[in-house]
Amino acid sequence: LSFCGLVFAVACLIFNLIYRKQKLIRLTSPKLNYLIITGAVIMYISAMVHVIPSYKEETETILCNLRPRLFSIGYSLCFGTILAKMWRVYYIFTNPTPKQKTVKDWHLGIMVLCIVLIDLIFIGPLGAIEGGWIHATLIEKREPPSSVEKGVLKYRTTYYTYICDSSARDIWLGLLYGYKAVLQIVALFLAFGTRKVNIKGLNDSTYIA
C-alpha cells in the first residue's frame with residue numbers, strides 16, 4: 001500500500017508540474033503543492049522502513065529511531081503546508097481591507113519552514129538527550145511446543161523479536177504528539193473560520209475538518 005501511495009504521489013507531482021499554469025492549479029499554489037507531495041513521499045518511505053528486515057541490534061536501533069523521525073518530518077511538511085495555505089485564505093477573507101498586505105507563496109514557505117524547524121528541535125536535540133535515544137533489544141519468546149513439534153519434528157520453535165524502547169521514550173513521543181495536536185487544533189480553528197468560502201481550489205476546510 002505504501003508503494004502504491006508513493007506511485008500516486010509521484011503521479012500527482014508530474015500532474016502538478018505539467019498543469020501548473022492552469023488557472024485552477026495556480027489557485028492551489030503549485031510551489032506549495034510540491035512541499036505537500038514531498039511530505040507525503042517522506043511519510044510513505046517511513047512506512048516502508050517499518051518492513052525493512054534487520055538481523056543486527058545496531059541496525060534495528062537505527063531503524064527504531066529513523067521511523068518516527070521520518071514520519072514526523074513528513075507529516076509536518078505535508079500538514080504544515082496545508083495549514084499555511086488555510087491561514088492565507090483565513091487572512092484574506094477575514095481582513096477585506098485595501099491596506100492588507102499580499103501574502104505570497106514565499107511567506108507561507110517561511111511559515112512551513114518554522115513548523116518543520118520546531119519539529120526538528122523535538123526529534124533532534126531533545127530526542128538525542130540521555131534517555132531520548134531509542135534502543136532495540138532482542139527479546140526471546142518461547143511458546144509451549146505443539147503436538148507436531150513433540151511427536152514428529154522433535155524440536156521446539158523459539159521466536160525472537162526486537163523491541164524499541166528507551167527510558168524517556170514516552171515523554172519524547174508525548175511532546176512530539178502534543179505539538180502535532182496543537183497544529184490540529186489551529187487547523188480546526190482556521191477550517192471553522194473559512195467554512196463559508198466557496199471559491200473552488202482555495203477552501204480546504206471541509207477536508208481538514
Side-chain angles (χ1 to χ4, degrees), residues 1-10 12-13 16 29 31-54 56-88 105-137 161-191 204-205 207-209:
L1 288 178
S2 296
F3 178 76
C4 293
L6 190 60
V7 172
F8 178 72
V10 173
C12 291
L13 178 64
N16 189 76
S29 301
K31 294 179 181 178
L32 296 177
N33 291 340
Y34 295 139
L35 297 179
I36 296 175
I37 295 171
T38 302
V41 168
I42 294 175
M43 286 192 288
Y44 286 129
I45 292 175
S46 73
M48 293 179 181
V49 172
H50 278 79
V51 298
I52 295 178
S54 60
K56 293 183 178 180
E57 191 170 306
E58 295 80 7
T59 305
E60 186 63 26
T61 297
I62 294 174
L63 293 176
C64 285
N65 287 277
L66 187 61
R67 290 162 186 157
R69 285 166 170 80
L70 275 178
F71 185 85
S72 183
I73 292 174
Y75 179 87
S76 294
L77 187 58
C78 184
F79 189 77
T81 306
I82 297 174
L83 184 64
K85 290 171 68 175
M86 286 188 59
W87 175 81
R88 177 164 60 184
D105 286 350
W106 68 269
H107 293 130
L108 302 186
I110 293 176
M111 184 183 297
V112 175
L113 179 62
C114 292
I115 292 174
V116 174
L117 283 177
I118 294 174
D119 204 58
L120 289 174
I121 292 174
F122 280 113
I123 67 178
L126 292 182
I129 60 175
E130 184 178 357
W133 184 258
I134 303 173
H135 295 276
T137 306
T161 185
Y162 282 108
I163 301 297
C164 300
D165 199 7
S166 71
S167 58
R169 179 173 179 268
D170 293 338
I171 298 175
W172 177 65
L173 290 178
L175 291 173
L176 198 59
Y177 293 152
Y179 173 59
K180 298 294 189 294
V182 171
L183 295 180
Q184 291 282 352
I185 293 172
V186 174
L188 287 175
F189 172 78
L190 295 177
D204 296 327
S205 61
Y207 307 106
I208 297 297

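Only a predicted model underlies this, so the values are computations on that prediction, with no experimental measurement involved.
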Interatomic distance, [X] atom [atom1] to [Y] atom [atom2] [nearest 0.5 angstrom]:
{"X": "I36", "Y": "C12", "atom1": "CD1", "atom2": "SG", "value": "10.5 Å"}
{"X": "L176", "Y": "I121", "atom1": "CG", "atom2": "CD1", "value": "12.0 Å"}
{"X": "Y34", "Y": "T38", "atom1": "OH", "atom2": "OG1", "value": "10.0 Å"}
{"X": "I82", "Y": "N33", "atom1": "CD1", "atom2": "CG", "value": "9.5 Å"}
{"X": "F79", "Y": "M86", "atom1": "CZ", "atom2": "CE", "value": "7.5 Å"}
{"X": "I73", "Y": "I42", "atom1": "CD1", "atom2": "CD1", "value": "6.5 Å"}

Do you know which two heavy atoms are closest between [X] and [Y], and how far apart they sit?
{"X": "M111", "Y": "W87", "value": "CE-CE3, 3.6 Å"}
{"X": "G80", "Y": "I115", "value": "CA-CD1, 3.8 Å"}
{"X": "L77", "Y": "L35", "value": "CG-O, 3.5 Å"}
{"X": "S46", "Y": "L70", "value": "CB-CB, 3.6 Å"}
{"X": "A40", "Y": "C78", "value": "N-CB, 4.2 Å"}
{"X": "G5", "Y": "Y44", "value": "O-CE1, 3.3 Å"}

For the side chain to side chain donor-acceptor pair (under 3.5 Å) test, which of K31, R88, K85 pairs with D105?
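Per the side chain to side chain donor-acceptor pair (under 3.5 Å) rule, the option paired with D105 is R88, out of K31, R88, K85.
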Show me the pairs that pass side chain to side chain donor-acceptor pair (under 3.5 Å) and involve residues 110-124, at least two apart or across chains.
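Those involving residues 110-124 are S72-D119, S76-D119, D119-K180.
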